[in-house]
Structures are given as C-alpha cells and as structure tokens.
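Below, each value reflects all heavy atoms present in this structure, side chains not excepted, and no hydrogens, waters or symmetry copies.
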Amino acid sequence: MSIKLNNTFMGESITKEAFESMAPVLSGAYEKLMKGTGKGSDYLGWLTLPDTYDRDEFAEIKKAAQYIQNHCDIFIVIGIGGSYLGARAAIEFIKSPNYNQLKKNTPDIYFSGNDLSSSSLQELLSLCEGKDVCVNVISKSGTTTEPAISFRIFRNLLESKYGEEGAKERIFVTTDKAKGKLKELADQKGYKTFVVPDDIGGRYSVLSAVGLLPIAAAGIDIDAIMAGASEARKQYASCDLRQNDCCRYAVLRNLLYRQGKEIEILVSYDSAAQKLSEWWKQLFGESEGKEGKGLFPVSVTFSTDLHSLGQMIQQGKRNLFETVLFFKDKQEIVIPFDEQDPDGLNFIAGQTMDYVNEKAFTATAMAHADGGVPNIILEFDGRSAHSFGFIVYFFELACALSAYMLEVNPFDQPGVEAYKDNMYALLGKPGYEDKKQALEARMQNR
C-alpha cells in the first residue's frame with residue numbers, strides 16, 4: 001500500500017524554487033512532532049499507536065465485537081465528532097455506505113448522539129422496536145450534551161426491555177480510564193469499559209478503542225487496519241521532501257495557503273468516501289483553525305457534485321484548491337451495447353464504469369487546473385481495511401505537520417467551548433447563572 005502524490009494538475013501555482021524553499025520549515029515542524037517539543041505534545045500517542053497499541057485491550061475489543069454480533073440486531077454507537085466519525089468513515093469506506101441494507105451476519109449499525117434532532121432520535125427508537133439492541137457510548141467525560149442525552153434515552157430503553165442486569169450485558173462504554181461521570185456510572189453499573197487514551201485527542205482517536213470497537217462489530221479486520229497504519233508510519237519515518245509524499249502534501253497545501261488560497265476541497269469519486277471526508281474535515285478544521293489562521297476544509301463527491309458545485313469551482317472566486325482522493329473500484333461493471341442506441345452511449349459500450357469514472361476524473365482535473373484551481377492528486381489502490389489504516393495515518397501526520405508549519409497547536413480546540421458555555425447557560429445548567437442572565441439580557445436588547 002502506498003499513496004502516490006501526483007502534481008500533474010497543479011498548474012503553474014508552485015515553482016520548484018518555492019517548493020524547495022519550504023524544506024527548512026517542514027524540517028522544523030517534523031522535528032517538533034517527532035521529538036515532542038511542539039505545542040500540544042501531551043497528545044502524541046497516535047504517532048506510535050499503530051505499533052504500540054495495547055494488545056490485551058485489542059483482544060478484548062475483538063471479544064466484545066463478537067458478543068455484539070451474536071446478541072443484537074441493531075448496534076447503536078453514541079458519540080459526537082471524533083467519537084464517531086472515524087468509525088462511521090471506516091464502515092462506509094471498507095464495507096459500503098449501504099452497510100445496513102447489505103446481506104450480512106453482523107448487526108445493523110446506527111450512530112446517535114451527534115445532533116439534537118428529536119425527529120432523528122425518534123426514528124432510531126422506532127427502528128429498534130422488536131429488535132435486540134446493544135449500545136456503545138463513547139465520551140471522555142460523559143457530560144457532552146448531545147451524546148449524554150442520547151445515552152440516557154437508550155439506557156432507559158435497554159433497562160426497560162431487558163432489566164438492569166440484562167442491560168448491563170448490552171452496554172459498552174468507551175471513556176476515560178480513571179475519572180469522569182461516565183466512568184463513575186460504568187463502574188457503578190458494571191458495564192464493560194474501554195479506554196479513551198489520555199494522550200490521543202478525539203479527532204486522532206479512530207485507531208484506538210474509540211473507533212475500533214464499532215469497526216470490529218461491523219466484521220472489519222482491525223488487524224489489517226493497524227497493519228496499514230503501521231506501514232504508513234514506516235514509510236513516513238524520515239522527512240525527505242523528495243520521497244515522502246505525506247510531507248509533500250503538507251508543504252503544497254501550506255504553500256497554496258501562503259499564496260492566498262483559503263479553501264481546500266477534498267474530492268472523491270466514490271460515495272464510499274463521503275464519511276471519510278467528514279472525518280478529514282474535523283481533523284484539519286479543528287487542528288488548524290485557530291489564531292485567525294487555517295484553510296477552510298470542505299468536501300465534494302464527483303461526478304455528483306459537478307452538477308451542483310462544478311460551475312463555482314470552475315469559474316468562481318480563485319481562493320480554493322482541490323485535494324483529490326482517487327482509487328480504482330474493483331467492481332468491473334460493463335456498459336452494454338444497445339442496437340437502437342437511444343441514449344447515444346454506444347461509443348463507450350464494452351467499457352467499464354471504472355474506465356468512465358477515471359476519464360471523468362482526468363477531464364475534471366484538467367478543466368479545473370486550466371480554470372485556475374490547483375489539484376493535488378492522492379492516488380491509492382482500492383478500498384480495504386489495510387488502505388483505510390494507511391490513509392488515516394497519512395492524514396493525521398500531514399495535519400499535525402501542517403499545523404506546526406502554521407505555528408498553531410494541532411491538538412487543542414479552545415474555540416469549541418464558546419458555544420458550549422452559551423448553551424449550558426441558556427439551558428440553566430448549575431454554575432452558569434450569571435452568564436445566563438447576561439445572555440438573556442443581550443437577547444432582549446437585540
């Protein structure tokens with residue numbers, strides 16, 4: 001497995017001299033990361049995780065996944081942000097976006113606690129009627145509003161259906177190893193627990209128990225995922241700008257940012273990568289977006305979105321570039337010949353869908369580059385557990401390097417607390433009385 005960076009469609013945006021001039025900046029960022037001397041160095045556990053993960057916990061994850069497969073029709077994964085995006089990305093990327101509709105010997109998997117929509121929660125409760133259900137709640141503290149509400153409701157459902165003792169066997173908790181309200185509850189109730197590592201932040205945690213339990217429950221080979229990530233770690237173990245495509249990607253996006261590009265669009269040509277793109281958006285958005293800096297990460301799926309956003313990308317404001325994930329689909333569906341040719345497609349009869357998709361990719365990259373939108377192409381082989389692990393590590397490393405090159409902390413997210421504090425105050429949480437009064441006065445004066 002390897003990711004090949006193709007800069008054929010970059011246009012004239014980056015000169016060789018400009019690229020090579022970034023070597024010292026990259027070297028400094030790489031050294032900070034590997035020596036743990038940069039900001040946020042308490043959260044570098046993901047760097048070595050593919051090779052140093054806890055083998056005993058790994059075995060327990062597999063055992064729990066087997067129990068879930070044997071005892072439930074529906075598996076509810078409760079979490080928000082990094083607590084669910086990585087697992088959902090893996091299931092859709094490796095299995096299918098239509099995983100729940102596939103014929104399989106694993107449970108349907110639904111994700112909850114990632115919004116505050118009463119209708120979506122009610123629909124999920126309805127889906128659980130008459131079904132055997134297991135739950136995995138993922139939260140470091142257990143007090144984050146969205147997952148905490150969802151867990152309270154599903155815990156009540158399971159206790160009503162199976163009794164407190166029966167529910168205990170169906171609830172799996174991934175949380176802090178020693179402290180927090182959720183840890184206290186799990187110990188009190190006797191739930192099976194897994195650890196959110198202290199030295200790994202949420203958006204970097206997909207290769208820990210946070211992501212691996214739901215992934216394993218879907219019947220995915222988590223050994224292959226870790227092997228892919230380990231291979232990536234070995235490939236990018238030295239910072240050689242001529243050979244390390246992960247470092248090259250970090251440098252190219254940083255150079256484009258310095259040239260006034262404000263938006264990075266992650267492009268895929270397969271809907272199976274949509275949730276991977278959502279995970280990527282959180283990874284880069286939370287890691288870089290601070291101190292008035294950072295590229296704004298967005299994503300599209302082509303060719304679908306070419307029919308809605310293609311015009312904007314082709315001829316809109318020239319403040320963006322594209323990073324394209326391109327891999328070949330192994331399903332070789334052949335386009336049939338039709339004697340009447342009513343749709344005029346006989347000129348591609350006998351070709352595969354993958355062939356047409358590849359030509360659409362090349363045509364689009366050419367058109368967008370000609371239109372002033374640089375394209376960074378990341379090519380790799382297919383969708384597999386191994387390739388997923390490799391891709392995750394590639395982006396985690398590139399993201400950390402990119403943030404250090406911007407001189408921001410890749411591992412904190414102080415800005416997300418602002419809305420939480422306001423919400424707690426407006427909901428009347430104890431300890432927020434003064435803030436609630438100030439906010440209500442502000443609302444009255446609008």
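Residue pairs meeting the side chain to side chain donor-acceptor pair (under 3.5 Å) criterion with at least one member in residues 207-229, sequence neighbours excluded: K62-D223. Identified under the ring-ring contact (aromatic ring centres under 6.0 Å, His included) test for residues 145-203, with sequence neighbours left out: none. Judged as a side chain to side chain donor-acceptor pair (under 3.5 Å), the pairs with a partner in residues 79-94 (not counting sequence neighbours) are, in order, R88-E92.
Separation of atoms CD1 (I153) and CG (L158) is listed at 13.0 Å; rounding is to 0.5 Å. Annotation: the span from K161 atom NZ to E159 atom CD amounts to 14.0 Å, rounded to 0.5 Å. Note that CE of M366 and OG1 of T8 are 9.0 Å apart. Values are rounded to the nearest 0.5 Å. Here the OG atom belonging to S150 is positioned 11.5 Å from the CZ atom belonging to R155, to the nearest 0.5 angstrom. The line from CG of L397 to CG of N244 is 7.0 Å long, rounded to the nearest 0.5 Å. The CH2 atom of W46 sits 12.0 Å away from the OG1 atom of T52 when rounded to the nearest 0.5 Å.
More than 12 heavy atoms of other residues, nucleotides or ligands shown are found within 6.0 angstrom of CZ on R318. Open room surrounds CZ on F296; 12 or fewer heavy atoms of other groups in view lie less than 6.0 Å from it. Applying the 6.0 Å contact sphere to CE of M423 captures more than 12 heavy atoms from other residues, nucleotides or ligands. Atom NZ of K177 sits in a sparse spot, with 12 or fewer heavy atoms from other residues, nucleotides or ligands closer than 6.0 Å. More than 12 heavy atoms of other residues, nucleotides or ligands shown are found within 6.0 angstrom of CZ on F361. More than 12 heavy atoms of other residues, nucleotides or ligands sit less than 6.0 Å from atom NZ of K104. Residue E332 places its CD atom among 12 or fewer non-hydrogen atoms of other residues, nucleotides or ligands, all under 6.0 Å distant.
The two residues Q413 and V416 come nearest to each other via the heavy atoms O-CG2, 3.1 Å. Contact record, M10 with L252: CE-CD2, 4.0 Å, taken as the closest heavy-atom pair. Here the shortest heavy-atom pairing between I80 and P147 reads CG2-CD, 4.1 Å. Nearest heavy-atom pair, S112 versus L121, reported as atom, atom and distance to 0.1 Å: OG-CD1, 3.8 Å. Taking each heavy atom of S2 and F390 in turn, the nearest pair found is CA-CZ, 3.9 Å. The two residues K436 and L426 have their closest heavy-atom pair at CE-O, 4.3 Å.
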#### Entry: Residues K192, E60; criterion salt bridge (charged side-chain N to carboxylate O under 4.0 Å, His left out); working and verdict
CA-CA 10 Å; K192 176 67 177 176; E60 289 298 312; 2.8 Å; yes
### Task
Run the numbers on D245 and K4 for salt bridge (charged side-chain N to carboxylate O under 4.0 Å, His left out), then give the verdict.
CA-CA 7 Å; D245 278 348; K4 179 183 177 183; over 6 Å; no
### Audit row: K189, E165, salt bridge (charged side-chain N to carboxylate O under 4.0 Å, His left out) steps and yes/no
CA-CA 9 Å; K189 296 282 190 177; E165 280 300 307; over 6 Å; no
### Task
Dump the intermediate steps for side-chain contact (heavy atoms from CB on, under 4.5 Å) on L276 and L325, then the final yes or no.
CA-CA 10 Å; L276 178 64; L325 294 177; 4.0 Å; yes
### Message
Could you walk me through whether K281 and E278 satisfy the salt bridge (charged side-chain N to carboxylate O under 4.0 Å, His left out) test, starting with their C-alpha distance in whole Å, then the side-chain angles of each, then the deciding distance to 0.1 Å, before giving a yes or no?
### Response
CA-CA 5 Å; K281 286 192 286 190; E278 293 298 312; 2.8 Å; yes
#### Entry: Chi angles and distances behind the ring pair (Phe, Tyr, Trp, His ring centres under 6.0 Å) call for Y404, Y30
CA-CA 8 Å; Y404 277 146; Y30 196 90; over 10 Å; no
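The cationic group of K39 does not satisfy the cation-pi geometry with F411, failing either the under 6.0 Å distance to the six-membered ring centre or the 45° limit from the ring axis. Cation-pi geometry between R253 and Y249 is satisfied (NZ or CZ under 6.0 Å from the ring centre, within 45° of the ring normal). Annotation: cation-pi geometry not satisfied between K261 and F321 (NZ/CZ under 6.0 angstrom from ring centroid, within 45° of ring axis).
For the 3.5 Å distance criterion, the side chains of T301 and T304 fail to qualify, holding no donor opposite an acceptor. Y204 and S287 are linked by a side-chain donor-acceptor pair at a separation below 3.5 angstrom, with hydrogens and angles left out of the test. Checked by atom type, the side-chain pair H71/E169 shows no donor-acceptor distance below 3.5 Å. No donor-acceptor contact under 3.5 angstrom links the side chains of S277 and S299, judged on distance only. In this structure, a donor-acceptor pair under 3.5 Å is absent between the side chains of T48 and Y53.
K131 has no carboxylate O lying under 4.0 Å from a charged side-chain N of D108, or vice versa, which leaves the two without a salt bridge. Taking the charged nitrogens against the carboxylate oxygens, K181 and D176 have no contact shorter than 4.0 Å, which rules out a salt bridge.
Between T323 and L378, the closest side-chain pair of non-hydrogen atoms falls below 4.5 Å. Here the side chains of I313 and I265 are in contact, with some heavy-atom distance below 4.5 Å. The closest side-chain heavy-atom distance from D199 to D42 is not below 4.5 Å. When side chains are defined from C-beta on, L401 does not count as touching V251, because their heavy atoms never get closer than 4.5 Å.
A side-chain donor-acceptor contact under 3.5 Å links D54 to the backbone of E57. Under a 3.5 Å cut-off, the side chain of N375 and the backbone N or O of I377 do not form any donor-acceptor pair. Judged by distance alone, with hydrogens and angles left aside, the side-chain atoms of E264 form no donor-acceptor pair with the main-chain N or O of E322 at under 3.5 Å. Between the side chain of K290 and the main chain of E286, a donor-acceptor pair closer than 3.5 Å is present. Remark: the backbone N or O of A227 is not paired with any side-chain donor or acceptor of S230 at under 3.5 angstrom. A distance-only check finds a donor-acceptor pair linking the side chain of S384 to the backbone of S387 [under 3.5 Å]. A side-chain donor-acceptor contact under 3.5 Å links D73 to the backbone of D132. For Q314 (side chain) and A367 (main-chain N/O), a donor-acceptor pair under 3.5 Å exists by modelled atom type.
For the pairing with S139, the side chain to side chain contact (heavy atoms under 4.5 Å, CB included) check across T174, V173, I78, L182 returns one residue only, L182.
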Validation: residues 344-360 side-chain donor-acceptor distances under 3.5 Å, sequence neighbours left out:
{"residue": "N346", "atom": "OD1", "partner": "D338", "partner atom": "N", "Å": "3.1"}
{"residue": "N346", "atom": "ND2", "partner": "D338", "partner atom": "O", "Å": "2.6"}
{"residue": "T352", "atom": "OG1", "partner": "Y355", "partner atom": "N", "Å": "3.0"}
{"residue": "D354", "atom": "OD1", "partner": "D329", "partner atom": "N", "Å": "3.1"}
{"residue": "N357", "atom": "ND2", "partner": "Y269", "partner atom": "O", "Å": "3.2"}

Give the table of side-chain donor-acceptor pairs shorter than 3.5 Å for residues 212-219, with sequence neighbours excluded, one pair per line with atom names and distance.
none

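Residues passing the ring-ring contact (aromatic ring centres under 6.0 Å, His included) test with F327, sequence neighbours excluded: F93, F380.
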